[in-house]
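To start, the structure itself, in structure tokens.
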Amino acid sequence: MDPFLEDENLPFSQAARFHSSEDVMNEPPFMLEGTLPPSEGSGEGSSRSKVFNDPVHKHIRVSGLAVDIIDTPQFQRLRDLKQLGTSYMVFPGASHNRFEHSIGVGYLAEDTATRFYRNQREELDMELADLKVVSIAGLCHDLGHGPFSHVFDNEFLRVCLNKSSEQVEEIWTHEEMSTRLLDLIIDENHIDGIDERDLRRAKDIITSSLGTNGYGGHNRKSFLSEIVANGRNGVDVDKFDYLVRDSKMCGVPIGWDADRLRPFMKVIDGEICFKASEYHNVFDMFATRASLYRRIYTHKKAKAIEYMLVDALIAANPHLKIAEKINSPEDFTTLDDTIIRRIEYSTEYALRDAKAIIQRLRKRDIYKYVNEFTVPTDQLKHWKPVTAVDITTHQQSGNLRPEDIVVQNLKIDYAKGNKNPVDYVSFFQEYDSTTKFHIAEEKISSMLPRVFLERKVRVFSKSSQDHVRKQVAEAFEEFQRKTFGTSAQVHATPQKPCRKRVRRLGELSSRSLFTSVENGQ
């Protein structure tokens, strides 16, 4: 039997989670519905507790302190931030937002910390306040995301500030903005359910994956920082939530069992370890992540729309001062996905170029995917990013300009570059084990991959005109010949323009508007 669940006398058992009035008053922010005995109070915080019916985790009971944080303008802003950015414009079901993801991560963070508390609280010197700290960190870890989530920091700021992704991270990260917004929430909304020490610890956990603070000096409990965003090996509850939530909402099935990992965790020497029998399940998590990156997060049409939105925001930036808002948490709260609507319906002349791009998007006149190639395995280590200039200098004729095309240098890995991420995960043999160890992949299976990284180069045409797309395709293929000695792309360069079939009026009226793919032609 799972030792985390077998002792009914432990304070966090499913049957009777709290046993004393002191426990109730130190109630952590999240718990399963029905685990708190009836009470007139709501634990810490001024609000009464609530129950959220989540499509992934079902019923989640949220205490007064968490409700105090959730019911603020700064947190409610997450309702207007799409979890998957532009993927919603390709996957109609991907309408979920950072709001519900944050609640899910907060719940999973506390659930994980509770398992450690129930089984190892004495050896880890844990206290109930630790559960509150971890769950608040999970709840607030994504407060600092900008419009369309990672589009803002990975694309917009990089182009707008004319810096590499690494240089952007030196001056701004969404994790650091999350901590500033958490301070703003506490101060501006007069929330007193968390003291200064615990608030500092929660903020340290939020930024711990950046590797800049060493969990604020709380090394005695450094394992707490691995629960929400694990900078050591990437196994964390953030992924436990978004991999399941994203696949469910997009209608893309996965085979990884997310709920199985949490009961097989144990802390040894300050590190979260997993039962050795779970090697394949841990590996499947990373494989699922890579699969969703390939199938959803880097979908070619979603990326085309993403580049259009970035161009619109760049065009609007001189007038709206979007990039300047990263300097102030108060100003940053005015940024969310609705900025596109503000541009679209603006009558200001200064926004005409940005508005024109949004109008193209509304008519589905998006940037056109032209082609792609995969970088050979033997060149992965020293491969340099391809630029638009690299492509246009290989045109045989025509007048293509670098600003007419977009080049995507796509990298998909298992979270640790070209290394097996499970090599960074520690395991234990039995629940009473006090030693941890790594497992060599050859001891597990001879069928595990030997390469954990792939790079692709994609090119898009900003113009939808056939002759421009053809010029881009020919220049792109010529670049490949000069680089590899042959064409490396899978799809051949089209010799004739691709045109949509136009049906006759009578033919249109004889067919239904919606046809199942399985039954359609």
Side-chain angles (χ1 to χ4, degrees), residues 4-5 11-18 23-39 41-72 75-79 81 83 95-118 128-143 182 185 191 193-194 202 205-206 224 227-229 236-249 257-263 265:
F4 293 113
L5 302 177
F12 285 89
S13 64
Q14 285 271 353
R17 183 150 184 182
F18 293 93
D23 285 338
V24 173
M25 291 308 295
N26 284 286
E27 165 191 338
F30 295 88
M31 62 208 69
L32 293 174
E33 183 182 13
T35 57
L36 181 70
S39 171
S42 56
E44 298 184 33
S46 60
S47 300
R48 294 190 62 84
S49 60
K50 293 182 179 180
V51 173
F52 284 81
N53 187 3
D54 183 73
V56 174
H57 308 297
K58 306 309 177 184
H59 294 92
I60 302 173
R61 187 179 184 280
V62 181
S63 79
L65 173 59
V67 172
D68 285 347
I69 294 174
I70 292 170
D71 290 346
T72 62
F75 195 94
Q76 291 292 317
R77 165 182 168 272
L78 296 181
R79 291 183 184 270
L81 292 178
Q83 172 78 7
S95 58
H96 56 304
N97 304 306
R98 290 282 165 184
F99 180 85
E100 48 265 41
H101 166 64
S102 295
I103 292 175
V105 174
Y107 160 67
L108 290 179
E110 183 185 299
D111 178 78
T112 302
T114 297
R115 293 173 186 271
F116 297 146
Y117 179 89
R118 293 175 58 196
L128 282 172
D130 295 331
L131 311 187
K132 175 170 65 177
V133 166
V134 171
S135 55
I136 292 300
L139 178 67
C140 299
H141 78 289
D142 273 351
L143 287 174
L182 178 55
I185 286 175
I191 295 174
I194 182 170
I205 291 176
I206 292 174
L224 295 176
I227 295 177
V228 177
D236 50 54
V237 299
D238 185 28
K239 292 182 182 65
F240 292 0
D241 183 89
Y242 79 69
L243 292 177
V244 177
R245 190 178 301 276
D246 295 349
S247 64
K248 180 182 181 68
M249 303 308 291
D257 189 351
D259 292 331
R260 182 177 171 84
L261 278 181
R262 294 199 310 282
M265 290 177 162

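What's counted below: heavy atoms across the whole structure, side chains too, no hydrogens, waters or symmetry copies. Keep in mind that what you see is a predicted model, and the values were worked out from it rather than measured. Heads up: numbering here begins at 1 and tracks the sequence.
- Using bins of under 30°, 30° to 60° and over 60° for the plane-to-plane angle, the ring pair Phe99/Phe52 lands in the tilted bin.
- Residues Ile70 and Gln76 form a side-chain contact, since some pair of their non-hydrogen atoms from C-beta on lies under 4.5 Å apart.
- Atom-to-atom distance recorded for Ile191:CD1 and Ile136:CD1 is 8.5 Å, nearest 0.5 angstrom.
- Between atom SG of residue Cys140 and atom CD1 of residue Ile205 there is a gap of 11.5 Å, rounded to the nearest 0.5 Å.
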Problem - Check against side-chain contact (heavy atoms from CB on, under 4.5 Å), Leu224 and Val133 - result: CA-CA 9 Å; Leu224 295 176; Val133 166; 5.7 Å; no
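- Between the side chains of His57 and Asp241, at least one donor N or O lies within less than 3.5 Å of an accepting N or O.
- Remark: side-chain polar atoms of Asp68 are paired, donor with acceptor, to backbone N or O of Ser47 under 3.5 angstrom.
- Annotation: the span from Tyr107 atom OH to Arg61 atom CZ amounts to 13.5 Å, rounded to 0.5 Å.
- Ala258 approaches Phe240 most closely through the heavy-atom pair CB-O, 4.2 Å.
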So Asp236 and Val228, side-chain contact (heavy atoms from CB on, under 4.5 Å) or not? Walk me through it. CA-CA 5 Å; Asp236 50 54; Val228 177; 6.0 Å; no
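- What you find for Lys132 and Ile194 is that their closest heavy atoms are NZ-CA, 4.4 Å.
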- Message: Between Gln83 and Arg245, is the side-chain contact (heavy atoms from CB on, under 4.5 Å) condition met? List the steps.
- Response: CA-CA 10 Å; Gln83 172 78 7; Arg245 190 178 301 276; 5.7 Å; no
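- Here the CG atom belonging to Leu108 is positioned 11.0 Å from the CD1 atom belonging to Ile227, to the nearest 0.5 angstrom.
- Taking both residues in full, the closest heavy atoms of Pro55 and Lys58 are given as O-NZ, 3.9 Å, listed atom of the first, atom of the second, then distance.
- Minimum interatomic distance between Ser135 and Ala109 (heavy atoms only, all atoms of both residues): CA-CB, 4.3 Å.
- Asp130 has its side chain out of reach of Phe116: every pair of non-hydrogen atoms, C-beta onward, lies at least 4.5 Å apart.
- A heavy-atom distance below 4.5 Å is not found between the side chains of Arg115 and Met265.
- Put simply, the side chain of Leu143 does not reach to within 4.5 Å of the side chain of Arg77, judged on heavy atoms.
- Nearest heavy atoms, Ser49 versus Ser63: CB-CA, 3.9 Å.
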*Criterion side-chain contact (heavy atoms from CB on, under 4.5 Å) on Ile103 and Leu139, from CA distance to verdict*: CA-CA 5 Å; Ile103 292 175; Leu139 178 67; 4.2 Å; yes
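- The nearest pair of heavy atoms linking Leu243 to Ser247 is O-OG, 3.0 Å.
- Distance check: Asp111 CG to Asp259 CG gives 9.0 Å after rounding to the nearest 0.5 Å.
- Between the CD atom of Glu100 and the CD1 atom of Ile60 there is a distance of 11.0 Å, given to the nearest 0.5 Å.
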